Amino acid sequence: MRASKLFFPTQKENPAEAEAASHKLMIRAGLVRQLAAGLYIYLPLGLRVINKVNKIIREEMSAIGAQELSMPVLQPAEIWQESGRYSEIGEEMFRLRDRGGRDMVLGMTHEEIVTWLAAREIRSYRDLPQVWYQIQTKLRDEARPKSGVLRTREFIMKDSYSFDADEEALEKSYQLHIQAYKRIFGRAGVRFYMVESDPGMMGGATAHEFMAPSSAGEDEVALCPACGYAANMELARSQPAQPQFPAAGMKEIETPNARTIEQVSAFLNVTPDLLIKSLLLITDAGPVLAMVRGDQELMESKLARLIGGYRLAEPAEIKEITGAGTGFTGPLKLAIRKVADKGLEEGVYIVGANRNGFHVGGVVPGQDFQAEFADIRRVRQGEKCPHCNASLKLERCIEIGNIFKLGVKYSQPLGASYLDERGKEKPVIMGSYGIGPARVAAAAIEQLADEMGIVWPPAIAPFAAHLVLVQPADSRQAAMAQKLYSELMSSGIEVLLDDRAVSPGVKFAEAELLGCPVRVTVGKRAIAGGAVEVQLRRGGEEYKFEAGVAAREIIGLLKTLEGEAECESASEESS
RNA sequence: CGGGGCGUGGCGCAGCUUGGUAGCGCGCUUGCUUUGGGAGCAAGAGGCCGGCGGUUCAAAUCCGCCCGCCCCGACCA
């Protein structure tokens with residue numbers, strides 16, 4: 001491709017609305033343009049990158065026997081009513097009506113549709129297993145689109161769906177996907193972790209996420225550097241250090257005006273980990289008291305899995321339910337549902353007395369009050385791994401892929417069943433597996449970019465080589481560049497030839513901004529010395545190759561680069 | 001949905017407090033020069049100041065409503 005013909009509107013300055021590095025650079029390098037909140041146009045360079053990612057995905061999906069198909073984005077609401085998600089999912093789903101007045105939706109995912117298909121076409125155990133996948137547009141009316149291409153309302157997604165006869169076979173499909181995903185992200189050149197995750201609205205028991213470490217990410221994961229334990233914070237576990245507890249034996253303590261954990265601990269001159277933080281919450285089923293240790297925080301998603309949706313009680317409600325003002329809430333003599341963090345099962349604590357100006361010391365949970373004990377606290381950096389006692393590390397990540405064991409969540413309501421060897425009808429056991437190609441590209445930018453611009457992993461770069469023709473008007477330079485260009489192209493190397501009549505500074509700066517793995521310079525030095533200069537975008541290493549062998553050398557260099565750039569799973573790297 | 005910020009040529013911004021001629025840098029066009037790190041000189045083009053309404057002799061500027069975009073939080077297959 002000649003730069004003089006390529007549409008790649010670059011910008012020197014960062015766009016005002018961009019925050020994330022990938023967002024700024026994708027706009028500056030002319031990869032994307034924003035149409036509206038969460039809606040992006042992919043320009044030629046951006047599309048090339050997405051297509052590279054998709055090509056890797058197709059190869060690896062095909063390698064595990066998955067078959068590509070395509071499904072409608074516009075879908076009848078009926079199917080979503082049958083699965084139950086029409087009412088479960090709120091405003092996040094785009095809903096509309098066709099001219100005949102039928103309720104329709106725009107697909108945010110395709111479990112329902114693919115299961116509808118399976119219900120009609122899979123009849124026998126002989127038809128199983130199947131893995132079908134699609135790389136298609138999905139739509140979600142996101143509450144808050146953000147960070148450029150990382151969270152959008154319309155996006156391309158690879159989704160695959162496995163259909164198996166039983167749990168054992170599902171496990172096999174699941175493992176195959178894990179392998180494929182590791183190969184895909186590895187080849188794409190992004191660092192990633194595979195972590196345990198919350199199945200959420202997808203349903204099912206087991207789920208994992210593939211997480212690319214980046215400060216631009218929205219998720220946080222807990223990682224054990226020793227045994228490899230890795231989990232999304234939504235369900236990560238830990239063993240916190242236990243403090244020295246005082247003797248048991250309840251006694252009321254006067255704590256005038258000491259309401260917060262800090263105030264009470266300062267007033268009584270004890271560390272916050274000897275207190276219990278009691279939060280009064282309101283659910284549809286009435287008030288719930290949630291308790292965590294004074295120095296810890298409630299992990300709201302963990303609690304929500306246990307008690308459903310909730311909100312904090314208003315001061316008036318606290319007064320009404322506990323009989324005291326805010327800051328003196330505690331579990332004693334309170335006849336409502338109580339959930340205490342598992343870490344509180346042992347120890348002796350100070351709790352609110354449900355009486356203004358008082359706390360109660362020497363309280364033994366499980367003895368002085370009853371509660372459901374469950375893991376509802378937020379894991380903190382440095383706490384001990386639940387498996388091996390090493391210190392956990394917390395890291396922000398971009399979710400680039402996820403895999404779920406769905407079981408019969410969709411096959412049952414939508415009637416996807418088969419006849420087994422004995423002629424008995426059984427539900428198909430399903431799994432679902434997603435990858436966001438745009439997130440993979442953005443994660444690569446986040447992880448590798450420098451002050452000058454993007455640094456693409458070779459496998460997903462829009463071009464393998466960026467050939468800078470310094471002075472197109474000089475016929476000797478033009479001829480040398482043209483020859484090299486043709487040689488590389490005929491060997492299947494994708495080259496961007498910068499033949500524009502702009503100053504050299506612009507060409508070099510833009511080559512760095514675009515981030516292709518190697519830059520080849522043909523200028524007056526190449527004419528004088530007979531050798532072209534080659535510089536690696538990543539690391540900046542420079543080479544000189546004689547004009548006659550330059551093409552061959554560059555091809556060899558690219559091959560080496562691609563091999564080197566393959567990322568192992570980041571978690572395996574550390575173990 | 002709650003909280004905050006922003007909206008002025010294509011991009012980045014100033015002007016708004018204290019109402020009166022719309023400005024800067026980059027980019028763009030033309031010409032000449034230049035050509036290994038975002039070139040120089042000269043001449044130009046380009047803006048219903050997000051929208052509607054109000055106050056005023058007069059509104060980018062003051063007031064009200066609305067819209068859009070970004071950030072934090074809630075939400076998130």
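All of these numbers come straight from a predicted model, not from anything done at the bench. So that the names make sense, note that chain A is the first sequence line, chain B the second, and so on, each numbered from 1.
Atom CG of Asp498(A) and atom C1' of G38(B) are 13 Å apart (whole Å). Here the P atom of nucleotide G37(B) and the CG atom of Leu513(A) are 18 Å apart, to the nearest Å. With rounding to whole Å, Glu218(A) atom CD is found 9 Å from G73(B) atom P. The interatomic distance linking Glu533(A) (CD) with G37(B) (P) rounds to 12 Å, in whole Å.
Distances shorter than 4.0 Å separate none of the side-chain N or O atoms of Lys12(A) from OP1 or OP2 on G38(B). An OP1 or OP2 oxygen of C72(B) is reached within less than 4.0 angstrom by a side-chain nitrogen or oxygen of Arg144(A). Applying the 4.0 Å criterion to OP1 and OP2 of C70(B), one finds that Gln34(A) has a side-chain N or O inside that range.
A centroid separation of less than 6.0 Å is found between the aromatic rings of His208(A) and Tyr174(A).
Within the nucleic acid shown, Arg153(A) has no heavy atom closer than 4.0 Å to any nucleic acid atom. Within the nucleic acid shown, Ser147(A) comes within 4.0 Å of sugar-phosphate atoms alone, with no base atom in reach, counting heavy atoms only.
Interface remark: the Arg519(A) side chain does form a donor-acceptor pair with the G37(B) base, using a distance-only criterion of under 3.5 Å.
Checking Gln81(A), Gln75(A), Arg85(A) one by one against Glu112(A), the side chain to side chain donor-acceptor pair (under 3.5 Å) holds for a single residue, Arg85(A).
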Dump the pairs, protein N or O against N or O of nucleotides 8-11 of chain B, anything under 3.5 Å, distances to one decimal.
none

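Comparing A74(B), C70(B), G36(B) by their closest approach to the side chain of Ala37(A) singles out C70(B).
Base pairing analysis places G64(B) opposite C52(B); the two distances defining the Watson-Crick or G-U wobble pair are each below 3.5 Å. Base pairing of U29(B) is made with A43(B), judged by Watson-Crick or G-U wobble geometry with both donor-acceptor distances under 3.5 Å. Pair check for G73(B) finds C1(B); Watson-Crick or G-U wobble, both atom distances under 3.5 Å.
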